[in-house]
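First up is the structure itself, then whatever we jot down about it.
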Amino acid sequence: MGFWKEAFEAVKENDPAARYNFEIFLTSPGVKALAAHKVSHFLWCHHFKLLGRIHSQFWRFLTQIEIHPGAIIENGVFIDHGSGLVIGETAQVETGAKLYHGVTLGGTGKDTGKRHPTIRKGALVSAHAQLLGPIEVGENAKIGASAVVTKDVPSAVTVVGIPAKIVRVHGPATADRDKAKLERERHVSFYDHMGGI
């Protein structure tokens, strides 16, 4: 499938207010920002880096969504509302990921090379969550609103808080998720011991 078909399908699947393709094309800042990023990324990859940055900044002004032209974003990503969303240069976002307004896929300032998060298929990053550093968010993981994530998140778990902690494990057990479940139980028992702080 092409970019536009996947973009429209992602919006219709995730936004109950979306009605038809032409309306989405005219009114969805997320779709516009992702389409513009395709051009910025092309320029960046073909050694027109300054032009790619200028193009991305122009679309940042129009959509309030800042995507560095070096970021790798697959088709079928859903950006809802999008105001204040920032995606850094070495970030990667796979198909089916959902990003909401105020999300930052940023760096810590301490890393070189790969400095920004990787968001795997189907992951959901809620409003104002801050994901910092070269971390990986596993497939179908959920990041709660305003969470601050600085460590890898296993697949099919929900994390919330500052710093983000695992509060729910979804689906059948795997070695990765068994470890996640133990971490969640340790976190819950600590807070119970402290009187529910």
Side-chain angles (χ1 to χ4, degrees), residues 1-12 14-15 17-18 20-121 123-137 143 145-150:
M1 289 194 291
F3 167 79
W4 289 106
K5 184 174 183 183
E6 290 188 54
F8 292 146
E9 284 184 3
V11 174
K12 287 176 183 173
N14 293 290
D15 185 358
Y20 47 89
N21 293 352
F22 189 60
E23 179 185 52
I24 294 167
F25 176 77
L26 291 176
T27 63
S28 173
V31 169
K32 290 176 189 160
L34 291 169
H37 174 70
K38 291 287 182 193
V39 176
S40 301
H41 187 66
F42 176 85
L43 293 169
W44 183 265
C45 292
H46 288 83
H47 308 293
F48 296 101
K49 295 190 185 300
L50 177 59
L51 202 53
R53 290 297 303 272
I54 291 168
H55 185 265
S56 71
Q57 290 300 299
F58 173 75
W59 282 95
R60 172 191 179 204
F61 173 75
L62 292 180
T63 64
Q64 298 181 20
I65 297 169
E66 181 171 353
I67 306 174
H68 191 284
I72 298 170
I73 302 176
E74 294 181 1
N75 292 348
V77 170
F78 174 64
I79 295 176
D80 197 16
H81 303 295
S83 296
L85 186 141
V86 177
I87 300 176
E89 177 183 1
T90 62
Q92 292 177 257
V93 184
E94 294 184 353
T95 188
K98 299 176 248 333
L99 307 173
Y100 289 82
H101 56 282
V103 164
T104 300
L105 304 183
T108 62
K110 301 174 189 172
D111 303 295
T112 56
K114 175 81 166 109
R115 309 184 307 279
H116 302 98
T118 297
I119 311 300
R120 296 293 180 201
K121 291 180 182 177
L124 180 147
V125 185
S126 299
H128 300 287
Q130 309 298 298
L131 286 70
L132 305 174
I135 61 173
E136 182 173 313
V137 175
I143 311 296
S146 298
V148 176
V149 185
T150 57

Minimal non-hydrogen separation, [X] against [Y], with atom names:
{"X": "A33", "Y": "T63", "value": "CB-OG1, 4.0 Å"}
{"X": "A71", "Y": "H41", "value": "O-ND1, 3.2 Å"}
{"X": "E89", "Y": "W44", "value": "OE2-CZ2, 3.4 Å"}
{"X": "I65", "Y": "H81", "value": "CD1-O, 4.3 Å"}

Hey, does the side chain of K32 reach the backbone of L26 with a donor-acceptor pair shorter than 3.5 angstrom?
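Indeed, once roles are kept as given, a pair shorter than 3.5 Å links the two residues.
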
For A18, does its backbone N or O pair with a side-chain atom of K12 as donor and acceptor, under 3.5 Å?
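Side chain of K12 to backbone of A18, a donor-acceptor pair under 3.5 Å: no, none is there.
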
side-chain contact (heavy atoms from CB on, under 4.5 Å) between L43 and R53, intermediate numbers included
CA-CA 9 Å; L43 293 169; R53 290 297 303 272; over 6 Å; no

Atom [atom1] of [X] and atom [atom2] of [Y]: how far apart are they, to the nearest 0.5 Å?
{"X": "I87", "Y": "I79", "atom1": "CD1", "atom2": "CD1", "value": "5.0 Å"}
{"X": "I119", "Y": "E136", "atom1": "CD1", "atom2": "CD", "value": "9.0 Å"}
{"X": "F25", "Y": "F8", "atom1": "CZ", "atom2": "CZ", "value": "7.0 Å"}
{"X": "T118", "Y": "H116", "atom1": "OG1", "atom2": "NE2", "value": "11.0 Å"}
{"X": "F48", "Y": "I54", "atom1": "CZ", "atom2": "CD1", "value": "12.5 Å"}
{"X": "W4", "Y": "K38", "atom1": "CH2", "atom2": "NZ", "value": "11.0 Å"}

Is it true that K121 and E94 have a side-chain N and a carboxylate O under 4.0 angstrom from each other?
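The answer is no: the pair does not qualify as a salt bridge.
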
Is any side-chain heavy atom of [Y] closer than 4.5 Å to one of [X]?
{"X": "T108", "Y": "T150", "answer": "no"}
{"X": "I143", "Y": "S126", "answer": "no"}
{"X": "S56", "Y": "H68", "answer": "no"}
{"X": "E74", "Y": "E6", "answer": "no"}
{"X": "L105", "Y": "V93", "answer": "yes"}

Given ring-ring contact (aromatic ring centres under 6.0 Å, His included), test W59 with H37 step by step and report yes or no.
CA-CA 8 Å; W59 282 95; H37 174 70; over 10 Å; no

Please report the C-alpha distance between V31 and V11 in whole Å, then the side-chain angles of each, then the deciding distance to 0.1 Å, and finally whether the side-chain contact (heavy atoms from CB on, under 4.5 Å) criterion is met.
CA-CA 8 Å; V31 169; V11 174; 3.6 Å; yes

Distance alone, cut at 3.5 Å: any donor-acceptor contact between the side chains of [X] and [Y]?
{"X": "Q130", "Y": "T104", "value": "yes"}
{"X": "K5", "Y": "N75", "value": "no"}
{"X": "S83", "Y": "H101", "value": "no"}

Testing L99, V137, V148 for side-chain contact (heavy atoms from CB on, under 4.5 Å) with L131, which one passes?
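Result: among L99, V137, V148, V137 is the only option passing the side-chain contact (heavy atoms from CB on, under 4.5 Å) with L131.
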
Does R60 CZ have over 12 foreign heavy atoms under 6.0 Å away?
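No, because the 6.0 Å sphere around CZ of R60 holds 12 heavy atoms or fewer from other groups.
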
Would V125 and Y100 satisfy side-chain contact (heavy atoms from CB on, under 4.5 Å), going step by step from the backbone distance to the final call?
CA-CA 6 Å; V125 185; Y100 289 82; over 6 Å; no

